[in-house]
There are 4 protein chains.
Amino acid sequence: MGKVQRKEREFHMRRAAILAEAEKIFSAKGFHKVTVAQIAAASGFSTGFLYQFFEGKEHLYTAMVSEKLDMMYDTIYREVKAAGNTKDKISVLIESHLCFVEENMDFCRIFLRGEGDTLSGVMTEIRRKLLEDYLRQLSFVEKLLKEGVKEGVIRALPPREMAGVLIHMIRAASVRWLMVPSEGSLTSQKRFIEDIFLNGVKKNE
Amino acid sequence: MGKVQRKEREFHMRRAAILAEAEKIFSAKGFHKVTVAQIAAASGFSTGFLYQFFEGKEHLYTAMVSEKLDMMYDTIYREVKAAGNTKDKISVLIESHLCFVEENMDFCRIFLRGEGDTLSGVMTEIRRKLLEDYLRQLSFVEKLLKEGVKEGVIRALPPREMAGVLIHMIRAASVRWLMVPSEGSLTSQKRFIEDIFLNGVKKNE
Amino acid sequence: MGKVQRKEREFHMRRAAILAEAEKIFSAKGFHKVTVAQIAAASGFSTGFLYQFFEGKEHLYTAMVSEKLDMMYDTIYREVKAAGNTKDKISVLIESHLCFVEENMDFCRIFLRGEGDTLSGVMTEIRRKLLEDYLRQLSFVEKLLKEGVKEGVIRALPPREMAGVLIHMIRAASVRWLMVPSEGSLTSQKRFIEDIFLNGVKKNE
Amino acid sequence: MGKVQRKEREFHMRRAAILAEAEKIFSAKGFHKVTVAQIAAASGFSTGFLYQFFEGKEHLYTAMVSEKLDMMYDTIYREVKAAGNTKDKISVLIESHLCFVEENMDFCRIFLRGEGDTLSGVMTEIRRKLLEDYLRQLSFVEKLLKEGVKEGVIRALPPREMAGVLIHMIRAASVRWLMVPSEGSLTSQKRFIEDIFLNGVKKNE
DNA sequence: GATGAATGAGCGTTCATTCAT
DNA sequence: GATGAATGAACGCTCATTCAT
C-alpha cells in the first residue's frame with residue numbers, strides 16, 4: 001500500500017512549503033527579526049508542528065540557506081558541464097550565476113546582510129558550508145581555467161587567483177544589482193563581464 | 001573662555017575611546033553577542049553614560065562602522081589623488097584598499113558575518129550608508145577610469161561597469177584572504193589584480 | 001454472552017500492562033521527566049489510546065502509585081493477619097514491609113523524590129490517598145498494639161503514638177537503605193527494629 | 001565611608017526577603033507550580049532583578065532549602081551541645097527538632113512532597129546536600145549514643161542503627177503532625193518519643 | 001476500536017534602556 | 001555630570017491533549 005509513500009510525499013511537500021515561506025520571511029527581515037511563530041503562521045501550521053520538520057529555528061534557517069545554495073550550484077555545474085569549449089563554459093558559468101541571482105533576489109540579499117553571525121553551534125555549520133561551497137566553486141573554476149591555459153586560450157597566470165577574480169566579477173555585478181534598485185536586467189551584464197575578464201580594460205595601442 | 005571647547009574636546013575623546021573599544025568587541029563577537037555593559041566596562045564608563053554619546057546600541061554600532069569606513073575611504077581617496085597618472089592611481093587604489101583590509105582584519109570580517117540584518121529603522125541607516133559609500137566609490141573609480149579612457153590607456157567600455165569590476169576584484173581578493181586562513185600577505189595580490197584588470201586573462205593569439 | 005466479559009478482561013489486561021510500564025518509567029525518571037509518548041511507546045499503544053484508560057498523565061500516575069500501594073498494604077495486612085500472637089504479628093509486619101521495599105526499590109524511591117507536588121486538583125487526590133492509607137495503617141497497627149497491651153506484652157502507652165513510632169522505625173530503615181547505597185540486605189534489619197521497638201535502648205542496670 | 005557596607009546590607013536583606021517569599025510560595029505550591037514571576041511579584045521586585053541574587057529558579061530554590069536546613073541543624077547541634085549528660089542531650093535533640101518543624105510547617109511540608117525530582121544538574125546538588133546533612137546528623141547522633149553506651153545508660157546495640165531509629169522516630173512524629181491536621185502541639189510528643197526510644201514498648205515481665 | 005498528526009498554551013531568562021541619586 | 005540598580009518585554013521550545021480518519 002502506498003500509504004507510507006503518501007505520507008512521505010506529504011512530509012516533503014510540507015517541508016518545502018515551510019522552507020519556501022521561511023525563505024521569504026528570512027529574506028525580508030533577517031534571521032534575528034523573524035520569530036518561529038511568524039513562519040508557522042505563514043506556513044499555515046502551528047509552531048509546535050514546525051519542530052517535526054526542523055530541530056529548531058537555526059536548523060530551519062540553515063536548511064533553507066543550505067538547500068537553496070545546493071540548488072544553485074547544482075544548476076550552474078550541470079549547465080557548465082553541458083557546454084562545449086572553455087570559452088563557452090566560462091560564458092555559461094557567468095550567465096547561469098547571474099540568472100540565479102536575478103530569479104532569487106530576496107534570497108541573495110541575505111548575503112548582503114550577512115547573517116552569518118551568531119556562530120552558536122548550528123550556525124557555525126552554515127559558515128563552514130558557505131566556505132566549503134566557495135572553495136569547491138573555486139576549484140571548479142580553477143580546473144576550467146587550467147584547461148583553457150592548456151588549450152592556449154588563456155594566459156598562464158596563477159589559475160586559482162584567476163578563478164577568484166572571475167567569481168568575484170560575477171558577484172560584483174550581482175551585488176551592484178541587488179544593492180542598487182537598478183536599471184536593466186542582471187543577465188545583460190554577461191557580455192561585459194566576459195569581455196573584461198578575457199581582455200582586461202587596457203587598450204592595446 | 002575655553003571651557004566649552006574643553007568640554008567638547010573631552011566629549012570627542014571619550015566618544016572616540018568608546019568607539020575604539022566597541023570596534024574591538026563587535027569585531028570579535030558580532031553585534032548580537034555583545035552587550036552594552038561589556039562595551040561600557042571596556043570603555044571604563046557606566047552603561048548609562050554611553051547613552052550620552054549614542055542613542056542606543058544600534059546607533060553605537062552604526063556609528064562605529066560608519067566612521068571606520070569613512071576613515072578607510074578618506075585614506076584611499078587621499079592616496080589615490082596624490083598619485084600621478086591613471087595607471088598609478090589604479091595601482092594605489094588597489095594597494096590602499098588591500099592594505100586597509102590587511103590591517104583591519106577583524107573589523108572587515110564584520111562584513112563577512114554580515115550583521116547588517118535587523119533593519120529596525122536605525123540599522124537601515126547603516127545599509128543606506130553602505131550603499132552610499134559604495135556608490136560614491138563607484139563614481140570615484142568611474143571618473144578615474146574615464147580619464148584613463150580619455151588618456152587612451154583604457155578601452156572605451158562602460159566606465160561604471162568597469163569600476164564595479166575593479167572594486168570587486170579588490171574585494172574578491174580581500175574576501176578570500178579573510179575567509180581562508182591563507183598563505184601570504186594580502187598586499188602581495190596587488191600586481192596580480194592590476195594585471196588581470198588591465199590585460200584580462202586571454203592569451204593574445 | 002461472554003463478549004462483554006471478554007472486552008472487560010481485555011480492558012483490564014491492557015490497563016495493567018500500561019501501569020506496569022508506567023511504573024518502570026516513572027520510577028526511573030520521575031513524573032516530570034516522563035512523557036506520555038514514552039509510556040505509550042513502552043506499552044505498545046498509541047498516545048491517544050492511553051486516554052481510554054486514564055483521564056490524563058496525572059491520573060495515570062496517580063493510579064499507578066495508588067494501586068501499587070494497595071498491593072503493598074494488602075500483602076502486609078494479609079500476612080500479618082495470618083500470623084499467630086501479637087509479637088509474631090509485629091515481626092511479620094516489619095518483615096513484610098521491608099520485603100516490599102527491598103523488592104520495589106525504584107518504586108519506593110518515588111517517595112524519596114517526592115513527586116507529590118503539583119497539587120493541581122488531580123494530584124491532590126494522591127496526597128489524600130497517601131494520607132488515608134497512612135491513617136488506615138496507623139489504625140491497623142494501633143489495633144494490633146492494643147491487643148498486645150490487653151495481652152499484657154506491651155506497656156500501656158498511647159497506642160496510636162506507638163503505632164506511629166513502629167511504622168516510622170520501619171520507614172527509617174527503608175529510607176536509609178534507599179538513600180545510602182548501603183551494605184547488606186534491608187530485611188536483615190528486622191531483628192534490630194523489633195528489638196529496639198520492644199526493648200528501647202536503655203540499659204537496665 | 002560605609003556606602004559599600006550599606007549596599008551589602010541591603011543586598012542581604014533583599015536576598016533574605018526574596019528567600020522568605022520563595023519559602024512561602026514554594027512551600028504552598030511546589031517547585032514546578034511556581035513561576036519566577038510569582039516570586040518576583042511577591043518580593044516586590046521585577047523578574048529580572050531576581051537574577052541579581054540567584055542564577056535561576058533552581059538556584060533560588062536550592063538556596064532557600066539549603067539555607068533553611070543549615071539553620072535548623074545549626075540550632076539543633078548548638079542546643080544539644082549545650083546540654084549536660086547524654087539523656088539530656090537526647091531530650092534536647094528531640095525537642096529542638098520538633099520545635100523547628102512546628103515553627104516551619106510549610107517549609108517542612110516540602111519534604112513530604114519530596115520535590116527532589118528534576119535532577120537537572122543544580123537540583124542534584126540539593127539531593128547531595130540532603131544526603132550529606134542526613135549522614136552528618138546520623139554521625140552526630142551516633143556519637144551521642146556511643147557516649148551513652150560508654151556511660152552505661154544505653155544498651156550496646158549498633159550505634160548507627162540506633163541513631164537511625166531515633167532520628168526517624170522524631171521524623172515519624174513530625175510527618176504525622178504535618179500530614180494529619182492534628183490535635184495538639186508537636187512538641188508535646190517529646191516525652192513519648194523519649195520514653196519509647198529509651199524503654200521500648202515491651203512490658204517487663 | 002486505534003491512531004498519531006496537529007495544536008498552542010506556558011515559562012525561564014536576557015539585556016537594552018531608564019532614571020533616581 | 002555619572003552611576004548602576006531596576007525594569008519588563010520578548011521568544012524559542014516542549015508536550016499533554018484532542019480529534020479526524
Side-chain angles (χ1 to χ4, degrees), chain A residues 3 7 10-11 14 32-41 43-61 120, chain B residues 7 10-11 14 31-41 44-61 120 122, chain C residues 7 10-11 14 31-41 44-61 120 122, chain D residues 3 7 10-11 14 32-41 43-61 120:
Chain A
K3 201 171 136 195
K7 283 284 165 200
E10 197 188 43
F11 180 89
R14 284 167 160 174
H32 294 287
K33 290 284 180 187
V34 170
T35 68
V36 172
Q38 285 164 2
I39 297 173
S43 312
F45 296 114
S46 64
T47 55
F49 200 38
L50 294 204
Y51 288 80
Q52 300 254 338
F53 300 88
F54 307 95
E55 288 178 46
K57 189 188 178 190
E58 294 197 338
H59 280 87
L60 170 51
Y61 182 77
S120 60
Chain B
K7 283 284 165 198
E10 195 187 45
F11 180 88
R14 283 168 161 171
F31 181 77
H32 296 286
K33 295 275 186 190
V34 170
T35 67
V36 173
Q38 284 164 2
I39 297 171
F45 296 112
S46 65
T47 53
F49 200 35
L50 294 204
Y51 287 78
Q52 300 259 331
F53 300 89
F54 307 96
E55 289 177 44
K57 189 189 177 187
E58 295 196 338
H59 280 87
L60 168 51
Y61 181 76
S120 61
V122 188
Chain C
K7 283 285 164 199
E10 196 188 45
F11 180 88
R14 283 169 162 170
F31 182 76
H32 295 287
K33 294 276 186 190
V34 170
T35 68
V36 173
Q38 284 164 3
I39 297 171
F45 297 113
S46 65
T47 54
F49 200 34
L50 294 204
Y51 287 79
Q52 300 259 331
F53 300 88
F54 307 96
E55 288 178 45
K57 189 189 178 189
E58 294 196 338
H59 280 88
L60 169 51
Y61 182 76
S120 62
V122 188
Chain D
K3 200 170 137 196
K7 284 283 165 200
E10 196 187 44
F11 180 88
R14 284 168 159 173
H32 295 286
K33 290 283 180 186
V34 170
T35 67
V36 173
Q38 285 164 1
I39 298 173
S43 312
F45 296 113
S46 64
T47 55
F49 200 37
L50 294 204
Y51 288 80
Q52 299 255 337
F53 300 88
F54 306 96
E55 289 178 44
K57 189 190 177 188
E58 293 199 337
H59 279 88
L60 168 51
Y61 182 76
S120 59

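Predicted model, so just to flag it, every value in this text is computed and none were measured. Chain naming here is simple, since letters A, B, ... match the order of the sequence lines and numbering starts at 1 in each.
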Could you state the interatomic distance from CG (B:Leu50) to CG (B:Leu60), rounded to the nearest 0.5 Å?
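Answer rounded to 0.5 Å: 7.0 Å.
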Both C:Phe53 and A:Phe53 contact DNA chain E. Which one's nearest nucleotide lies toward the 5' end?
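By nearest-heavy-atom nucleotide position, the 5'-most residue is C:Phe53.
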So which one's nearest nucleotide on DNA chain E is more toward 5', A:Gly44 or D:Gly48?
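That would be A:Gly44.
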Protein-nucleotide distance ([X], atom [atom1]; [N], atom [atom2]), rounded to Å:
X       : N      : atom1 : atom2 : result
B:Lys7  : F:dG1  : NZ    : C1'   : 7 Å
B:Gln38 : E:dC15 : CD    : P     : 8 Å
C:Phe54 : F:dA16 : CZ    : C1'   : 16 Å
C:Phe45 : F:dT17 : CZ    : C1'   : 19 Å
B:Ile39 : E:dC15 : CD1   : C1'   : 12 Å
D:Lys33 : E:dC11 : NZ    : P     : 9 Å
D:Leu60 : E:dT13 : CG    : P     : 10 Å
C:Phe49 : F:dC19 : CZ    : P     : 18 Å

Taking all non-hydrogen atoms of both residues into account, name the closest pair between B:Gln38 and B:Lys33 and its distance.
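Of all heavy-atom pairs spanning B:Gln38 and B:Lys33, the closest is OE1-O, 3.9 Å.
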Taking all atoms of both residues into account, what is the closest heavy-atom pair of B:Val34 and B:Lys57, and its distance?
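Scanning both residues completely, I find the closest heavy atoms to be O-NZ, 2.8 Å.
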What is the pairing partner of F:dT21, taking Watson-Crick or G-U wobble pairs with both distances under 3.5 Å in any strand?
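Looking at the geometry, F:dT21 pairs with E:dA2.
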Which listed nucleotide ([options]) is nearest to the side chain of [X]?
X       : options                : value
C:Val36 : F:dA5, F:dT17, E:dA16  : F:dT17
A:Tyr51 : E:dT13, E:dT7, F:dG12  : F:dG12
D:Lys57 : F:dA16, E:dT17, E:dT13 : E:dT13
D:Arg14 : F:dG8, F:dA5, E:dA6    : F:dA5

Side-chain heavy atoms of A:Phe54 within contact of A:Tyr61, under 4.5 Å
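Contact flag for A:Phe54/A:Tyr61 side chains = no.
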Most 5' of D:Leu50 and A:Gly56 on DNA chain F, judged by nearest nucleotide
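Final value for this comparison: D:Leu50.
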Would you please confirm or rule out a distance under 4.0 Å between OP1 or OP2 of F:dA2 and any side-chain N or O of B:Gln52?
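No, B:Gln52 has no side-chain N/O under 4.0 Å of OP1/OP2 on F:dA2.
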Is there a side-chain contact between B:Ser46 and the phosphate of F:dG4, meaning an N or O under 4.0 Å from OP1 or OP2?
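So the side-chain polar atoms of B:Ser46 never come under 4.0 Å of the phosphate oxygens OP1 or OP2 of F:dG4.
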List the steps and the verdict of side chain to side chain contact (heavy atoms under 4.5 Å, CB included) for A:Phe45 and A:Gln52.
CA-CA 11 Å; A:Phe45 296 114; A:Gln52 300 254 338; over 6 Å; no
So what does A:Thr47 hit on the nucleic acid, given a heavy-atom distance under 4.0 Å: a base, only sugar-phosphate, or nothing?
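Counting heavy atoms under 4.0 Å across all strands, the contact made by A:Thr47 includes a base.
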